[in-house]
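This report refers to the structure that appears directly beneath it.
Excluded from the calculations below are hydrogen atoms, water molecules and symmetry mates; all remaining heavy atoms, backbone and side chain alike, are included. Lettering of chains follows the sequences in order, A, B, ..., and the numbering in each one begins at 1.
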There are 2 protein chains.
Amino acid sequence: MNSHSLFFFYYLTASPAIHIIRNEFLFILFFLLFLLPSGHTYVKKADKHQKILVAATKVFGSKGFFSARISDIAKEAKVADGTIYLYFHNKYDILLTLFEEEIAKLIVDIKAALAQEEDPRRKLYIFALHHLKLVIEKKELAEVLQMELRQSSDSVKEYRITKFVDYVNIISGIIHQGQKSGIFRPELKPGIIKRAFFGALDEMSRLWILNSDHAYTIDDTADEISSIFLNGISLPA
Amino acid sequence: MNSHSLFFFYYLTASPAIHIIRNEFLFILFFLLFLLPSGHTYVKKADKHQKILVAATKVFGSKGFFSARISDIAKEAKVADGTIYLYFHNKYDILLTLFEEEIAKLIVDIKAALAQEEDPRRKLYIFALHHLKLVIEKKELAEVLQMELRQSSDSVKEYRITKFVDYVNIISGIIHQGQKSGIFRPELKPGIIKRAFFGALDEMSRLWILNSDHAYTIDDTADEISSIFLNGISLPA
DNA sequence: AAAAATAATGAATGGCTATTCATGCTTACC
DNA sequence: GGTAAGCATGAATAGCCATTCATTATTTTT
């Protein structure tokens with residue numbers, strides 16, 4: 001979408017102003033009114049952008065970023081290798097876009113679900129449930145998160161420190177609230193807890209991803225983990 | 001060491017038996033008595049093997065397996081690129097060797113420390129402490145573990161399922177023992193707990209590795225995490 | 001101290017694959 | 001139905017880097 005509008009403006013500004021006679025003006029008007037918002041080309045582009053991202057998620061998820069080949073992604077998306085470069089700058093750009101779009105969605109989702117709830121204990125449970133549900137519903141994405149969030153390369157680190165932290169900080173927010181309202185032990189450091197909690201969930205994801213025999217249901221797991229934490233961090237009633 | 005002894009046997013069996021006259025017999029005896037156990041060549045080989053592993057740990061740790069170049073490792077080890085191939089089959093072999101040797105050591109260490117202790121609660125604490133200490137004392141190794149345990153490639157997965165599980169199963173052993181002796185809640189599933197516990201610790205490592213400003217001490221952290229878990233999984237007294 | 005055996009070197013090789021681009025195809029408009 | 005604009009294609013390019021190997025250095029043996 002982004003690159004599409006840019007493209008459009010490029011063409012617009014590149015043609016000398018003197019050429020904007022009546023015909024062309026009408027054409028541009030037409031273009032603005034019909035093509036840009038919902039026109040055919042536009043939709044197709046968005047389609048492929050999406051198709052490529054979906055394919056990339058699958059391929060990155062199963063082979064990891066480095067072992068994944070552009071041609072794998074192209075084949076999976078049923079698109080020529082070169083086509084990918086009409087939509088993304090390079091391989092790494094695909095990964096970044098994947099993160100930006102998906103983590104953003106995830107944050108929105110979870111925040112919406114949390115807004116329904118007041119009790120910090122319930123909130124923690126809801127967070128756990130959402131996070132684990134992601135693993136089921138978007139198995140491939142979860143695998144990418146699993147693998148690539150760890151890849152240490154300075155550029156990735158910087159990125160991670162931007163986006164990922166937002167997500168994890170939702171937890172410390174909950175802990176904080178719980179401490180303020182006297183439900184959680186006040187001496188615990190939210191900075192540690194959030195990490196521990198995320199780590200526990202994340203490790204469960206890994207379990208899920210690596211084993212195909214899912215011995216426990218998602219609800220059992222969310223239940224058990226948040227219950228441990230709640231018992232662990234709550235003040236005695 | 002391994003490849004060295006193989007080498008020796010290769011030479012031994014390759015020379016026809018008829019050649020073993022008195023002189024050569026004495027030579028072999030000499031070789032066996034002096035060179036093999038502590039001779040010069042042997043030590044030097046072990047030296048370089050080790051030097052390369054140390055260098056590799058550093059390089060893998062800072063750049064990740066895929067971004068690490070053999071030439072980086074060679075430079076770090078102060079050795080020619082080609083030399084590495086006298087000690088390892090290929091790049092991936094370096095990584096595997098690293099794991100085998102280090103995780104094995106770690107398991108031995110932790111088991112020794114645990115043997116001193118009876119109380120499952122204390123054991124859990126000790127495990128946490130050891131694991132986190134690893135992150136401090138062998139920062140680079142910890143980074144490699146962090147990064148590469150996640151790398152999804154079928155060969156790695158298989159490997160992981162062999163060695164790594166041994167390590168994590170130490171936790172479930174402790175939980176089990178605690179449940180049998182009526183200290184831990186019997187309805188909890190050790191299969192989940194061990195993962196959650198490991199995940200929490202592991203996430204703490206990540207925190208440590210990514211942030212340079214170490215806001216919390218290792219003991220604080222081990223304390224806090226095991227305390228949460230202990231509260232969480234213990235039966236009310 | 002020469003010869004033989006072993007080890008180390010690093011430049012050259014070769015395979016692999018991200019990226020490009022000349023070409024052909026589709027669609028949208030007249 | 002012809003034309004132009006934008007799209008898609010995939011073979012060719014180009015760069016990177018693991019691995020090899022002819023050569024040099026070192027160590028051991030006689």
The side-chain contact (heavy atoms from CB on, under 4.5 Å) partners of A:K78 (sequence neighbours excluded) come to none

Strictly below 4.0 Å, heavy-atom distances to any atom of DNA chain C: list the hits from residues 73-85 of chain A, or just say none.
-> A:G82, A:Y85

To the nearest Å, how far apart are A:I70 CD1 and C:dA18 P?
-> 5 Å

Between atom CG in B:D93 and atom C1' in D:dA18, what is the gap in whole Å?
-> 14 Å

Partners meeting ring-ring contact (aromatic ring centres under 6.0 Å, His included) with B:F88 (sequence neighbours left out) = B:H49

Nearest-angstrom distance from the residue atom CZ of A:F66 to P of C:dT17 = 14 Å

Taking atom P of D:dG6 as reference, at what distance in whole Å does atom NZ of A:K48 sit?
-> 17 Å

For A:K91 and C:dT20, give me the distance from atom NZ to atom C1', rounded to whole Å.
-> 17 Å

Any chance you could lay out the side chain to side chain contact (heavy atoms under 4.5 Å, CB included) test for A:F65 and B:F66, step after step, and finish with the verdict?
-> CA-CA 10 Å; A:F65 177 72; B:F66 286 103; over 6 Å; no

For B:N90 and C:dG15, what is the distance between atoms CG and P respectively, to the nearest whole Å?
-> 17 Å

In whole angstrom, what separates B:L86's CG from D:dA18's C1'?
-> 15 Å

Do any side-chain nitrogens or oxygens of A:Y87 fall under 4.0 Å of OP1 or OP2 in D:dA8?
-> yes

Under 4.0 Å: is that the gap between some side-chain N or O of B:R69 and OP1 or OP2 of D:dC16?
-> no

Give the rounded distance in Å between these two atoms: CD1 of A:I52 and P of D:dT9.
-> 9 Å

Would you tabulate the side-chain donor-acceptor contacts of residues 105-115 of chain A under 3.5 Å, counting partners in other chains and residues two or more places apart, or write 'none'?
from	atom 1	to	atom 2	distance (Å)
A:K105	NZ	A:E102	OE2	3.1

Residues passing the salt bridge (charged side-chain N to carboxylate O under 4.0 Å, His left out) test with A:D81, sequence neighbours excluded, are none

Which atom of A:K91 lies closest to which atom of A:A68, heavy atoms considered = NZ-O, 3.0 Å

